[in-house]
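Notes to accompany the following structure.
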Amino acid sequence: MSSANGNNKKLAVLVSGSGTNLQAIIDAIKNGDLQNTEIKIVISSKKDAYALKRAETAGINNVFLDPLKFKDRYEYDQELVKVVNSCNVDLIVLAGYVKILTNIFVSTFKHKIINIHPALLPNFGGKGMYGEIVHEAVLKSGAKESGCTVHFVTEEVDAGPIIGQKRVPVIKGDTVETLSKRILEQEHKLLVESINKVLGKTIYDL
Ligand code: GRF
């Protein structure tokens, strides 16, 4: 029914990897945890990202935007702005997207971009802190807990206003694999909760 679709909140999801966070959004829309919401497009910076297959299986429009086709990250982001703008979305979700966004993109979609990070920001975040590197740093630090954070994206990496966090214990003998698995389970819940919280609100309502 076009009227129902017309009222749907529209998402663009940017990915680079396995896409389990994307899958969490897809599943939440299917099981009603995310109401009146649709993913308009999935954009990947990596051709072999399994996230693209997840989008395809779910019948969601998806595209690989090849960084090698662009002179630099600024030209890349100019194209990324065009693609996202064409979908007229309400919220942009970085779900395992590994490229650092330039101000061209961030300033165009101010307060409409959220990111999920696999640690308790502001700790263990910032340039170069992603994926397994984060968990290695947490284990090396002897921290007794870790977790995940969803935050608004600003020009500074991992430094935007925090929307939500979930905590997990670091257990004696944890490896990067065991810790990242425990956190990833919480990421999937936190991301859906955060999208619900942000949709229809501005940063000032939160
Ligand atoms: C997650 O750990 C997320 O926190 C980080 O990259 C990983 C992506 O996982 N940004 P997936 O591609 O969503 O499975």
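This structure is a prediction, so every number in the text was calculated from the model and none was measured. All residue numbers refer to positions in the sequence shown, counting from 1. Order of listing sets the numbers, starting from 1, for every ligand and every atom in it.
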Taking [X] for its side chain and [Y] for its backbone only, find out whether a donor-acceptor pair lies under 3.5 Å.
X: Asp174; Y: Ile171; answer: yes
X: Ser44; Y: Leu52; answer: no
X: Thr37; Y: Gln35; answer: yes

With respect to Lys166, which candidate in Glu187, Glu193, Gln186 satisfies the side-chain hydrogen bond (donor to acceptor under 3.5 Å, both in side chains) definition?
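Filter result, single survivor: Glu193.
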Decide, yes or no, whether a salt bridge links Lys53 with Glu56 under the criterion of side-chain N to carboxylate O below 4.0 Å.
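Looking at Lys53 and Glu56, the cut-off is not met.
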Ionic contact status for Lys181 with Glu185, cut-off 4.0 Å:
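Salt bridge: yes.
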Atom pairs and distances, ligand 1 N/O vs protein N/O under 3.5 Å:
{"residue": "ligand 1", "atom": "2 (O)", "partner": "Glu187", "partner atom": "OE1", "Å": "3.3"}
{"residue": "ligand 1", "atom": "2 (O)", "partner": "Glu187", "partner atom": "OE2", "Å": "3.1"}
{"residue": "ligand 1", "atom": "4 (O)", "partner": "Glu187", "partner atom": "OE1", "Å": "2.6"}
{"residue": "ligand 1", "atom": "4 (O)", "partner": "Glu187", "partner atom": "OE2", "Å": "3.4"}
{"residue": "ligand 1", "atom": "10 (N)", "partner": "Ile116", "partner atom": "O", "Å": "3.2"}
{"residue": "ligand 1", "atom": "12 (O)", "partner": "Ser18", "partner atom": "N", "Å": "3.3"}
{"residue": "ligand 1", "atom": "12 (O)", "partner": "Ser18", "partner atom": "OG", "Å": "3.4"}
{"residue": "ligand 1", "atom": "12 (O)", "partner": "Gly19", "partner atom": "N", "Å": "2.8"}
{"residue": "ligand 1", "atom": "13 (O)", "partner": "Thr20", "partner atom": "N", "Å": "3.3"}
{"residue": "ligand 1", "atom": "13 (O)", "partner": "Asn21", "partner atom": "N", "Å": "2.9"}
{"residue": "ligand 1", "atom": "13 (O)", "partner": "Asn21", "partner atom": "ND2", "Å": "2.9"}
{"residue": "ligand 1", "atom": "14 (O)", "partner": "Ser18", "partner atom": "OG", "Å": "2.6"}
{"residue": "ligand 1", "atom": "14 (O)", "partner": "Gly19", "partner atom": "N", "Å": "3.4"}
{"residue": "ligand 1", "atom": "14 (O)", "partner": "Thr20", "partner atom": "N", "Å": "2.8"}
{"residue": "ligand 1", "atom": "14 (O)", "partner": "Thr20", "partner atom": "OG1", "Å": "2.6"}

